[in-house]
Every structure is written in structure tokens, then in C-alpha cells.
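Only this structure's heavy atoms are used, side chains among them; waters, hydrogens and symmetry mates stay out. In what follows, chains are A, B, ... by sequence order, proteins preceding strands, each numbered from 1.
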Amino acid sequence: MDVKAIREAFPVLHQEVNGHPLVYLDSSATSQKPIKVIEKLDEYYRGYNSNVHRGVHTLGTRATDEYEGAREKVRRFINASSTEEVIFTRGTTTAINTVAVSYGRANLSEGDEVIITPMEHHSNIIPWQQIVKETGANLKYIPLQPDGTIRIEDVKETITPKTKIVAVMHVSNVLGTINPVKEIARVAHEQGAVMLVDGAQSVPHMSIDVQDLDADFYAFSGHKMCGPTGVGVLYGKKSLLDKMEPVEFGGEMIDFVNLYDSTWKELPWKFEGGTPIIAGAVGLGAAIDFLTNIGLDEIRDHEEKLAAYAIQEMSKLDGMKIYGPDQRAGLVTFNLADVHPHDLATVLDAEGIAVRAGHHCAQPLMRWLDVSATARASFYLYNTEEDIDRLVAGLQTTKEYFGDVF
Amino acid sequence: MSFNNLDTLYRQVIMDHYKNPRNRGSIEGNPMTVDMNNPTCGDRIQLQLLIEDGHVKEAKFDGEGCSISLSSASMMTQAIKGKPVDEALKMSELFSEIMQGKDVDEGDIDLGDIEALQGVSKFPARIKCATLAWKAMEKGVDEEKQD
């Protein structure tokens with residue numbers, strides 16, 4: 001993998017921030033965009049912007065072809081068996097909410113269980129909290145090991161015949177844990193439950209085969225995988241989606257509209273009420289082409305090396321506390337001595353280094369870690385060992401700057 | 001940005017309040033208690049006020065947060081203690097204007113150490129850290145009025 005050439009493809013990386021060349025280490029929050037994606041959006045808006053699936057004019061046909069072409073790209077990218085199973089959403093959050101509301105409302109009743117883990121992002125906690133309140137079901141958690149991993153024994157212990165839905169993140173946005181979602185899905189299925197996987201932090205970084213994982217639902221966002229903001233995907237097995245009611249009603253998703261009753265379009269469009277996310281989907285298609293050309297296995301390999309190097313170098317700093325298991329995705333969450341992550345992030349920013357500081361939308365996990373906040377450096381295909389060297393130097397500076405305080 | 005710029009944010013007096021917070025703890029008896037957090041970052045503060053005869057008789061805080069939010073809480077409690085409630089609210093208003101980078105006319109009000117936080121206005125991402133304690137104070141005074 002030619003990282004130098006890859007970096008050339010990302011215009012935003014080539015700038016100075018606060019007088020220093022930018023080091024962008026916040027790709028888990030959102031990734032940067034390659035020129036191909038930016039150009040694709042430009043092409044769409046300049047060349048053939050039109051509403052899709054209606055009208056007979058030429059631009060409309062072109063926009064529809066591009067939009068549906070993007071759906072086929074997504075299908076191939078995650079190996080769904082049909083484009084009927086690929087629904088464009090606003091992002092992972094909307095995808096999970098769609099399942100919680102549509103599948104949850106129809107299938108949960110008093111005493112049933114929804115199972116999640118304490119490491120989930122808020123977007124895979126709150127939709128379930130809300131739907132169990134509405135239906136009288138119970139929310140239960142698979143316990144975590146001290147290193148932030150899940151044991152399959154605990155999965156088997158937690159999932160019972162009362163369990164209807166199991167929802168687990170594939171990769172933790174804080175710990176970097178890669179969860180055994182295939183094994184969890186097997187246990188869920190044995191007990192008659194369906195399995196939703198939050199793939200926001202996995203799809204951008206490793207090759208995903210939803211059929212191999214046997215996930216019933218798989219949710220992810222475009223903007224974390226070099227695509228535009230505002231577009232994401234809900235994959236669902238056709239057999240399940242067929243039986244599910246839409247959650248948004250209006251234009252685009254209907255078949256016949258009568259005065260007092262209406263019927264829905266077939267899959268996947270019945271879940272895409274309103275003018276769809278056309279430009280976003282087309283841009284996501286370009287992002288998928290870009291990532292596929294480089295190769296997801298190469299990207300995963302690159303990030304694994306970066307994470308190992310980061311841990312090795314960061315561990316040399318006194319007072320460094322790194323969270324998460326040894327085997328991890330390309331991110332490192334940490335605290336440095338008693339320096340508050342905000343203060344740390346401000347000092348790093350003054351050095352041109354962008355990291356995330358805060359609770360990472362995972363307040364229950366912060367409490368499990370017994371911290372109020374952490375800092376996080378996350379890597380992607382365009383990051384280098386030099387970036388990590390700059391980070392470590394910046395952390396050294398931070399220590400010196402706050403050194404006399406503590 | 002150099003250390004010089006950082007120094008406009010992390011002034012000596014701020015670091016002093018961070019290291020040696022004034023009025024950290026809780027008030028005995030039955031004070032007005034306000035819990036407030038900054039949902040975007042997880043900082044949280046508990047502020048306790050004892051208001052008598054329209055004056056802030058006692059003010060204490062506890063919580064978790066960065067140097068800016070905790071030093072601001074320390075300075076705020078120091079500034080409002082013993083002051084009429086109206087003056088405390090006026091200070092809050094002034095502080096908010098300072099955070100927006102405005103030149104303020106302090107009039108008779110002595111902001112004291114608080115002025116050291118002026119530099120925060122140049123770090124937009126940190127303004128919410130500095131205003132957390134003040135928002136808690138405003139909320140506390142508001143609730144006291146309703147009682």
C-alpha cells in the first residue's frame with residue numbers, strides 16, 4: 001500500500017493548522033474525503049442533479065442509474081445477496097432506530113429481552129432503551145472482561161429463550177475491541193433472536209461479509225469510510241425486511257395512496273420515504289470504489305501496524321494509561337497522567353494534531369472504565385508512523401506544559 | 001500556534017485555581033443544589049448555593065472537568081460569595097460577553113481573577129467549559145426565586 005500516494009488523494013490533509021502541518025487522528029469520528037469522492041459530488045450536482053424514480057426526463061434517468069448503481073456497489077462491498085437488502089439511511093443512528101422502531105415494535109412484548117453490551121455507542125443503546133419502555137420488554141447487558149472484551153460464555157449466559165433482539169457493535173469506537181459478532185449471531189439464532197450489528201467502526205476498516213457473519217441487520221455510516229456525511233446503510237435480511245413496516249411515511253415509499261389507506265413500494269424503497277439521499281449515496285459509491293481499489297485487507301493491515309506502533313511509542317511516556325485489549329482496531333484511547341483530555345487535546349491542537357477528547361458517545365463505558373473522559377487517536381489508511389511520532393512528541397509537550405501543575 | 005498562544009488560554013492564575021480550587025466541597029444544611037453537565041464532553045459540576053436576604057451567603061462546588069471548567073467554577077464561587085444575587089447575575093452576563101470576545105464595561109463590578117479567563121474566547125471549543133459553572137449559578141438562582 002502506497003501511503004504517500006494515498007495521502008495525495010486527500011486534499012484536506014495538506015494544510016497547516018496553528019502553524020504546523022496537520023496530523024489528523026480523528027478518523028473514528030469522521031474520515032477525510034478523497035478527491036474522487038469530492039469530484040463525484042461535484043459531477044452529480046453539475047451534471048445530472050435530479051430527483052430519482054420519477055419523471056421521464058434524461059437527467060432523472062441518469063440520477064436514478066447512479067443512485068441505484070451506488071446501491072449495487074454497497075451490496076457487493078458487504079456481500080448482501082440482493083440490493084433489496086440495502087437501504088440508504090441518514091447514517092448508522094437512523095439505521096438502528098429503524099430496526100428498533102419497526103422490528104422492535106412488532107416483535108417485542110412484555111417480558112421479552114433485548115441484549116446489548118456496556119461498550120455500545122449511544123446510538124446502539126438509546127433506541128433500545130426507548131423501545132423496551134414502549135413495549136414492556138427488558139434491556140440486558142452482556143458483561144465485559146477487564147480488558148474490554150466479551151467472552152462467548154457470557155454471551156451464552158445472557159441470551160435466553162426470551163431474547164428477541166441482540167445488538168452489538170462490531171468494533172468499539174473507544175476500546176478498539178473487535179467483537180466476535182459471528183459467534184454472537186450464532187448464539188442469538190439458537191435462541192430464536194435476531195442479531196443487529198453496529199458496523200460504524202468496522203465497515204470502513206475491514207472487509208465485511210454480512211452473509212458469512214449471518215447478521216440479520218448490519219448498520220453503518222458513509223462518512224466514516226471516505227464518503228459524504230448524511231448517508232449510511234441499513235442492511236437487513238429480505239425475509240425480515242419484507243415483514244417490517246416502514247417508519248417514515250410520505251413520498252417515494254408508496255405504491256397506492258387512497259384517501260384512508262395506502263400501500264408500500266417493494267424493498268428497499270419502502271424504507272426510503274421522501275426524496276432519498278441521492279448525492280450522498282452517489283458519493284458513497286465513489287468512496288467504495290476508492291476503498292476497494294486499495295483493498296480492505298491492506299487497509300486493515302496498515303492500521304493494525306499503526307496501532308501497534310502507537311501503543312509501543314505511547315507506552316514509553318510516564319503516566320500513560322491506554323484502554324482496551326491488545327488485539328484491537330486502529331485506534332488508541334488513553335489518558336495521560338492527570339491532564340484532563342480537553343486540556344490535552346487543546347495542547348495537541350496547538351501543535352496541529354487533531355484528536356478526540358470526551359466521552360466518545362459512550363457514557364456507560366466511561367463509567368465502566370471509571371473515567372469521566374478520555375482522549376483518542378484513531379487511524380486510517382492515510383496515517384503514517386510519522387503522524388504517531390508527532391503525536392508522541394505532542395504528548396511530551398503536553399506533559400511539560402502541565403508538568404508544573406501536578 | 002505557539003506556547004504563547006496557549007499561555008493566553010492557560011494563564012498562571014487559571015492554573016492556580018485548577019491546582020488549588022477555592023470553595024470546593026459541599027455546604028452543610030439545606031443549600032440550593034444544582035447539577036449541571038456538559039453533554040458534549042462529560043464535564044459535570046455540582047454547585048451549592050446558600051442564598052439569604054437576596055445575597056449569596058455561601059457558594060461551593062464539586063465535580064469533574066478540565067482545567068478551564070474547574071478553575072472557572074473556583075473563580076466564580078469566589079466572585080459571587082457575599083454579593084447580592086442581582087450582582088452575581090450581572091457578573092454572569094458580563095462573563096458571557098467576555099466569552100463572546102466582546103469588550104465589556106465592568107462598571108462597578110470587580111471581576112477580579114475571572115478576567116484571566118478572557119483568553120478562552122479565542123478557543124471556541126473551550127467556551128462551554130468556562131461557562132458551565134456560571135450556567136449552574138444562573139439555574140440555581142432561578143430555582144431559588146421560584147421557591
Peer 1: What are the two closest heavy atoms between Val347(A) and Tyr10(B), and how far apart are they?
Peer 2: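 Scanning both residues completely, I find the closest heavy atoms to be CG2-CE1, 4.3 Å.
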Peer 1: Can you tell me if CD on Glu28(B) sees more than 12 non-hydrogen neighbours from other groups inside 6.0 Å?
Peer 2: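 No, not enclosed.
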Peer 1: Using salt bridge (charged side-chain N to carboxylate O under 4.0 Å, His left out) as the criterion, list what pairs up with Asp113(B), not counting sequence neighbours.
Peer 2: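 Salt bridge (charged side-chain N to carboxylate O under 4.0 Å, His left out) list for Asp113(B), sorted by chain: empty.
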Peer 1: Nearest 0.5 Å, please: how far is CG in Asp343(A) from CE in Met15(B)?
Peer 2: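 The CE atom of Met15(B) sits 6.5 Å away from the CG atom of Asp343(A).
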Peer 1: Quick check on Arg7(A): does its CZ atom have over 12 non-hydrogen neighbours (other residues, nucleotides or ligands) under 6.0 Å away?
Peer 2: yes
Peer 1: Assess whether atom CG of Asn30(B) is packed by more than 12 heavy atoms of other residues, nucleotides or ligands within 6.0 Å.
Peer 2: no
Peer 1: I'd like to check the salt bridge (charged side-chain N to carboxylate O under 4.0 Å, His left out) partners of Glu87(B); sequence neighbours left out, ordered by chain and number.
Peer 2: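 Applying salt bridge (charged side-chain N to carboxylate O under 4.0 Å, His left out) to Glu87(B) gives none.
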Peer 1: Go through the atoms of Asp16(B) and report whether side chain, backbone, both or neither lie under 4.5 Å from a heavy atom of chain A.
Peer 2: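 Neither part.
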Peer 1: Can you check whether anything in residues 126-135 of chain B gets within less than 4.5 Å of chain A, heavy-atom wise, and list it by number?
Peer 2: Arg126(B), Cys129(B)
Peer 1: Using a heavy-atom cutoff of under 4.5 Å, enumerate the residues of residues 50-74 of chain B that contact chain A, numbered in order, or state 'none'.
Peer 2: Glu64(B), Gly65(B), Cys66(B), Ser67(B), Ile68(B)
